2 protein chains.
Amino acid sequence: MAKQILLNAFNMNCIGHINHGLWTHPRDTSTQYKTLDYWTNLARLLERGLFDGLFLADIVGTYDIYGQSLDVTLKESIQLPVNDPLLLVSAMAAVTRHLGFGLTANLTYEAPYLFARRLSTLDHLSNGRVGWNIVTGYLDSAARAMGLAQQPEHDRRYDQADEYLQVLYKLLEGSWADDAVVADRQQRIYARPDRVCKVRHQGEFYQVEGYHLSEPSPQRTPVLFQAGSSARGLAFAGNHAECVFISGQDKAATRAQVDKVRAAAQAAGRDAQAVKVFMGITVIVAATEQQAQARHAEYLQHASAEAGVAHFAASTGIDFAAFELDEPIAFRQGNAIQSATRQLQDNAWTRRRLLQQHALGGRYVTLVGAPEQVAEQLIAWIDETGLDGFNLTRTVTPESFEAFIDLVIPQLQQRGRYKTAYAEGTLREKLFKADHPYLPADHPGSAYRFAFAPTPTGALHHA
Amino acid sequence: MAKQILLNAFNMNCIGHINHGLWTHPRDTSTQYKTLDYWTNLARLLERGLFDGLFLADIVGTYDIYGQSLDVTLKESIQLPVNDPLLLVSAMAAVTRHLGFGLTANLTYEAPYLFARRLSTLDHLSNGRVGWNIVTGYLDSAARAMGLAQQPEHDRRYDQADEYLQVLYKLLEGSWADDAVVADRQQRIYARPDRVCKVRHQGEFYQVEGYHLSEPSPQRTPVLFQAGSSARGLAFAGNHAECVFISGQDKAATRAQVDKVRAAAQAAGRDAQAVKVFMGITVIVAATEQQAQARHAEYLQHASAEAGVAHFAASTGIDFAAFELDEPIAFRQGNAIQSATRQLQDNAWTRRRLLQQHALGGRYVTLVGAPEQVAEQLIAWIDETGLDGFNLTRTVTPESFEAFIDLVIPQLQQRGRYKTAYAEGTLREKLFKADHPYLPADHPGSAYRFAFAPTPTGALHHA
């Protein structure tokens, strides 16, 4: 049976996310990101479209590379201002029943003991619908704002992330047994002391000695998302990630990247299909191809290619504003910018060419066409690359999500490539058609599950 | 005109908050704290009762003093498990329009740069309805969970808190001018670069160099709550607090404490009435005094005095379980437990007496009576002590809040001592009948307001 396509809406608690400049479009509502209605309406819309999840990006720090200032960043609101994504979830969860929430949080700046509680709290409130997109950050502006001179070095950040995940597994999986909470009013026992144990972690980066503050949530560990594409990042993903987000430019490179992710999972002793791979994509669809082209042309009038390049400048650390339009740009090699520049290193790039590439304000694969054309192309991407699904960017919001739901989803459904109803269960059960809400047995996190046999006194377990 | 009484519901994202053991009552719903309906129903209920706010306590760490274990803590769920309070807010804000949210967060464990964004995000989403209850924590179990050997010393925590507030003021008040955001689609200017400036803070405890990530929220700095009662705590409150929460046992001591708070504000150059003082209180009310007494007796059947004493053990650091029932208990002097033990030091205490004092599982002033009796007593507390309002604990929830709203509120309204409708505006405007949503001019935080004059280039302001 052909694979059903998984689908996340890709968004961020800010105005300019991927396709920059479109906030100036008269029908765009992204400047309302500060209001609850903006988000609860979006959540309802996505659930109408049977989206698997709303994937919320985040950034700590500001894009100050382009022109060595914040001028374009502030004028075009390039991920600044940016509000906290986790605080949106309970309102959206309250108006939906199935939609998942993929939440980006930078572990470098979140103490694991409290972050574990945040994850558990949201997993409880959403009834098992949250995922965490694990990022370690890459901006020196973030490090300075957090009191550090600069970011830790790239591979060291992954060492730290590995240990951070260990601490989280200990708290989320290991501190409370499944049968710890009995809530027995007659016996006056809410939780059994012999089934709750203290976590002790003395590591290189973290020292934690304490009980997890939250009782077990539906998924315990939320679905783990990750987006690293360096060798070290892939090794991390192979160990920990359940969903990997990649940004492809062509099918051959995407196929190669998908294969690498699956090989990394296998290298870590997991099933190659234990990781779902999502690619970012932009879609402009209308009833006919002509109308879609017209809409694309209209959007281009409001998009800001310069803002897109300014964003890319922050991703690569290169001040493109310092180059003449046709001056050759040499991309540096190196881990820190490997991901963003992989496809660029073999070519002759100029600022003019970058501006052309960012015509819609972003640099994701962009499909423009009639509903059946878009559906066929999406299916081709899946079938020819091994991808599992897409993170769908917004252009003019909410109309780009509405158009996709009204026009493309039915085409995918007719072709048997998209669900016609949600499955029951947690986000993990839905994404993996799993019969259990926890991390699977071949995931290293499952090894941290509460392992203390009950004893008559229980005294040793929480001492 | 006699003072109108301010009123917060006092609650926590957990089961056993103040009046312990009542989760075992057949009508109590507090074990549903993990669900969104529990909180959205509560928020709607409180708004029906015209409550000024829902005050959410929080604790990082666990109560492991009593019996030197977590046995009673877990069995009676004494503030464990405890979920994150901030993550509840957006769901409750979405179903209300006026209710405020007083949110406890321990600054010792929250990086100011990211915490400032959390506050701004919630102030945006709630349209200016959040307050922050500033705490520094007191549990060594929290310090160990966060990788420290023990808590910093009491007065040092306040030094750190002073600097923390400075950093927050710089970010919340000083980074973005009121006119920074213009959202001009024609000119393509979302925010004016010359009206956003970088915060630079090089202090003893914190180093922050960066732009606040959020644009100005309705209140900028949320309403500041605080509960310190030591000399150092009062000095801090005098400088920073807009609302102070005290726990009184009798009117004379409460009057003295209220006077101290107002004197501290004056000592800091502020108006004595610039600080609203709230006292925690428990109310059991029914249509008649007899019914109220019967209800009290019924509640006592389910309450746990031992859990109340175990909670108090954590507050004081004294293992009361180690004492015989009638063995004298010597309360240590010292800042760390000064607040909890102030009223105890002159008396001969035993475990038996503590258990009697905690008969309802808590140790707040408890009023039991018919609606008019309770109303008259509340008014007497206000008039004889100088208090501005109350934090109303829950007993059996939600029926204790429902009974208060249905029976006591109308009595207070009839006496002209409680509002009959919400005022418009932010939480700060409502609480202080202010005509402006920001910190008042005599509050030290207002000195940090964006102070850069615009220049033709603006280059210096964010360089």
Side-chain angles (χ1 to χ4, degrees), chain A residues 13 15 21 23-24 26 31 34-36 40 60-62 69-71 74-77 80-84 86-91 93-94 109 111 113-114 117-118 120-122 124-125 141 144-147 183 185 188-193 196 206-211 213-215 304 462, chain B residues 13 15 21 23-24 26 31 34-36 40 60-62 69-71 74-77 80-84 86-91 93-94 109 111 113-114 117-118 120-122 124-125 141 144-147 183 185 188-193 196 206-211 213-215 304 462:
Chain A
N13 197 353
I15 299 165
W23 70 274
T24 62
T31 57
K34 297 166 293 185
T35 69
L36 279 170
T40 53
V60 176
T62 49
S69 84
L70 286 192
D71 275 17
L74 283 166
K75 284 181 182 165
E76 291 285 1
S77 55
L80 181 74
V82 56
N83 283 345
D84 186 293
L86 273 66
L87 297 168
L88 298 171
V89 174
S90 68
Y109 304 127
Y113 189 66
L114 290 178
R117 183 171 73 147
R118 291 192 173 106
S120 295
T121 301
L122 289 178
H124 276 301
L125 293 175
S141 63
R144 291 191 299 269
M146 298 296 294
R185 295 180 194 226
R188 301 198 73 97
I189 300 176
Y190 185 75
R192 294 166 54 190
V196 182
Y206 300 103
Q207 292 79 42
V208 175
E209 183 191 323
Y211 303 83
L213 294 172
S214 301
E215 61 183 281
S304 170
H462 60 276
Chain B
N13 196 354
I15 299 165
W23 69 275
T24 62
T31 57
K34 298 166 292 184
T35 68
L36 279 169
T40 53
V60 177
T62 49
S69 83
L70 286 193
D71 276 17
L74 283 165
K75 285 181 182 167
E76 291 285 359
S77 56
L80 180 73
V82 56
N83 283 346
D84 186 291
L86 272 67
L87 297 168
L88 297 171
V89 174
S90 68
Y109 304 127
Y113 189 65
L114 290 178
R117 182 170 74 145
R118 291 193 173 106
S120 294
T121 301
L122 289 178
H124 276 301
L125 293 175
S141 64
R144 290 192 300 267
M146 299 295 294
R185 296 181 195 225
R188 302 197 72 96
I189 301 175
Y190 185 75
R192 296 168 52 191
V196 182
Y206 300 103
Q207 293 77 43
V208 175
E209 182 190 323
Y211 303 83
L213 293 172
S214 302
E215 60 183 284
S304 169
H462 60 276

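Computed over heavy atoms, backbone and side chain alike; hydrogens, waters and symmetry mates excluded. If you're wondering where the values come from, they're calculated on a predicted model, not measured in any experiment. Lettering follows sequence order; numbering is per chain, from 1.
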Within this structure, what is the CG-CD1 distance for the pair B:Leu74 and A:Ile189, rounded to the nearest 0.5 Å?
11.0 Å
Any heavy-atom pair between the side chains of B:Asn83 and A:Leu213 that's under 4.5 Å?
no
Go through B:Met146, B:Glu76, B:Arg188, B:Arg118 and name the one with the most non-hydrogen pairs under 4.5 angstrom from chain A.
B:Arg188
Counting heavy-atom pairs closer than 4.5 Å to chain A, which one of B:Ser214, B:Gly210, B:Ala94 comes out on top?
B:Ser214
Any side-chain heavy-atom pair of B:Tyr190 and A:Thr24 under 4.5 Å
no
Partner chain A: residue of B:Glu209, B:Arg117, B:Gln207, B:Lys75 with the largest heavy-atom pair count (under 4.5 Å)
B:Arg117
Quick check on B:Tyr109 against chain A: is it the side chain, the backbone, both or neither that has a heavy atom closer than 4.5 Å?
both
Can you check whether A:Ser90 reaches B:Leu87 side chain to side chain, under 4.5 Å on heavy atoms?
no
Sort B:Ser141 into side chain, backbone, both or neither according to what part of it lies under 4.5 angstrom from a heavy atom of chain A.
backbone
Most contacts with chain B, counted as non-hydrogen pairs under 4.5 angstrom, among A:Ala145, A:Ser304, A:Ala191, A:Ala93
A:Ala145
Choice from A:Leu114, A:Asn13, A:Leu86, A:Thr62 maximising heavy atom contacts with chain B below 4.5 Å
A:Leu114
Which value, rounded to the nearest 0.5 Å, describes the distance between B:Ser77 atom OG and A:Glu215 atom CD?
9.0 Å
Most heavy-atom pairs under 4.5 Å with chain A, out of B:Leu125, B:Thr31, B:Val208, belong to B:Leu125
Are the side chains of A:Leu70 and B:Tyr211 in touch, meaning some heavy atoms are under 4.5 Å apart?
yes
